[in-house]
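Heads up: the structure comes next, in structure tokens.
All values reported here derive from a predicted model rather than from experimental measurement. A, B, ... follow the sequence lines: proteins, then strands. Residue 1 opens every chain.
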There are 2 protein chains.
Amino acid sequence: MLVPTKKNQYALRAIFELAKHMDQGPVKISEIAATQSIPQPFLEVILNQLKASGIVNSKRGFFGGYFLVKSPDRVSVGDVLRFLNREPPTTDCIACVSKTSCPFDGRCAFSSMWIRVKQAAFDIYDQTSFQDLIDREQDTGWPDKQ
Amino acid sequence: MLVPTKKNQYALRAIFELAKHMDQGPVKISEIAATQSIPQPFLEVILNQLKASGIVNSKRGFFGGYFLVKSPDRVSVGDVLRFLNREPPTTDCIACVSKTSCPFDGRCAFSSMWIRVKQAAFDIYDQTSFQDLIDREQDTGWPDKQ
DNA sequence: TCTTTCCCGACTATTATGGTCAAGTAGGAA
DNA sequence: TTCCTACTTGACCATAATAGTCGGGAAAGA
């Protein structure tokens, strides 16, 4: 609960990796997979999906790979999570037991709380750009893998 | 993502229902199930588990049922969610792809963000008591089922 | 034209969720 | 003491989401 799926984490890590190599040409899936400990076939699927978001793009062939479209300070964690977890458009109760038919007609004592929690989380996600993450990693003095 | 499971929601609704009947004797599972649209056999399992938290207790026999142990303003949503989602104790990375063996030894650029999100959510959960929820429901003037 | 790398669709495995069911036990009422 | 009612307990099952795998194909360039 409240823990992002592995897919989400893999996606974020992959983009983080691309951000670190901004303006150094495309990065191969195999490199990202190795550096970030992600199963390569799965990462292929994920990155391919992410192309539709406009956040990343790719190039084929010998010097091919993936690269970030926008600069790391213009891409936020929220952008990625929102894209990967976008829900099919619905006008139903978003906070209820049942998404399709709320037994309380969309009005229950809890809904405002759920909404506030979601808001609080995405406030943080939206405020966190990949440039922030790079800076943060360097500040901590953690062993840099590149 | 960020949406509590049905089990969590059922548990919260059930306790909410008990809170509304505080000091009116035990409430039968069947009543709670009907009022809150919860499958009765499932609710039996959930309420039974919740007894271990000390939040609710039960009585058997003809006038039996479940009841709240503490007053509704002394029980928070956070108490319930924390109990239901408590994880087996671990000293490993709590924010990482792998809980048991973090490929980055528990140090990654994202961990502080995950922790802040979790914190922000539980700030809200902890601040929301069941008395608050009752008050809130009445303020809105929503149709009261009891 | 050959290698490298991404592309794409289908398929599979594992896990979590969301339950159900049956037999039992305790509390009272009659 | 008998019987009904309601909680108790453990095992069991169904479905869906997650977390992948696999194989062939297609572009880019050397």
Original post:
Is it true that a side-chain atom of Asp79(A) and a backbone atom of Ser76(A) form a donor plus acceptor pair closer than 3.5 Å?
Top reply: yes
Subject >> Nearest-Å distance for atom pair CZ/P, residues Phe67(B) and dG27(C) >> reply: 12 Å
**OP:** Return the 5'-most residue of the pair Val45(B), Val97(B) with respect to DNA chain D, ranking by each residue's nearest nucleotide.
**Re:** Val45(B)
Original post:
Nearest of dT21(D), dT8(D), dT17(C) to any side-chain atom of Pro39(A)?
Top reply: dT21(D)
**OP:** Let me know the distance between CG of Leu47(B) and P of dA6(D), rounded to the nearest Å.
**Re:** 15 Å
Subject >> Selection from dT20(C), dC7(D), dG27(C) that lies nearest to any side-chain heavy atom of Phe42(B) >> reply: dT20(C)
Original post:
What is the distance from CD of Gln40(A) to C1' of dA19(D), rounded to the nearest Å?
Top reply: 16 Å
**OP:** Using a cut-off of strictly less than 4.0 Å, decide whether Asn48(B) has a side-chain nitrogen or oxygen near OP1 or OP2 of dC7(D).
**Re:** no
Original post:
dC7(D) phosphate, OP1 or OP2: any side-chain N/O from Lys51(B) under 4.0 angstrom?
Top reply: no
Original post:
Looking at Lys6(B), does any N or O in its side chain come under 4.0 Å of the phosphate oxygens OP1/OP2 on dA16(C)?
Top reply: no
Subject >> Side chain of Arg60(B) (C-beta onward), nearest among dG24(C), dT21(D), dA27(D) >> reply: dG24(C)
Original post:
In whole Å, what is the span from the CD atom of Glu44(B) to the P atom of dA11(D)?
Top reply: 17 Å
Original post:
On DNA chain D, nearest-nucleotide positions of Gly64(B) versus Phe62(A): which is more 5'?
Top reply: Gly64(B)
**OP:** Consider the side chain of Ile29(A), meaning its heavy atoms from C-beta on, and name the nucleotide among dT20(C), dT21(D), dC6(C) that approaches it most closely.
**Re:** dC6(C)
Original post:
In whole Å, what is the span from the CD1 atom of Ile46(B) to the C1' atom of dT9(D)?
Top reply: 16 Å
Original post:
Atom CG of Asn8(A) to atom P of dG20(D): distance rounded to whole Å?
Top reply: 13 Å
**OP:** Specify whether Phe122(B) and Tyr125(B) have parallel, tilted or perpendicular ring planes, treating 30° as the upper limit for parallel and 60° as the lower limit for perpendicular.
**Re:** perpendicular
Original post:
Quick one: are Val77(B) and Ile124(B) in side-chain contact, heavy atoms under 4.5 Å?
Top reply: no
Subject >> Side-chain N or O of Lys7(B) closer than 4.0 Å to phosphate OP1/OP2 of dA16(C) >> reply: no
Subject >> Any Tyr10(B) side-chain N or O less than 4.0 Å from OP1/OP2 of dT17(C) >> reply: no
Original post:
Roughly how many Å is it from CD in Gln9(B) to C1' in dT17(C), rounded to a whole number?
Top reply: 13 Å
Subject >> Side-chain touch Arg13(A)/Phe104(B), heavy atoms, less than 4.5 angstrom >> reply: yes
Original post:
Would you say dT5(C) has OP1 or OP2 under 4.0 Å from some side-chain N or O of Ser58(A)?
Top reply: no
**OP:** Using atom CD of Gln49(A) as one end and atom C1' of dG20(D) as the other, report the distance to the nearest whole Å.
**Re:** 13 Å
Original post:
Donor-acceptor pair, Asp132(A) side chain versus Ser129(A) backbone, under 3.5 Å?
Top reply: yes
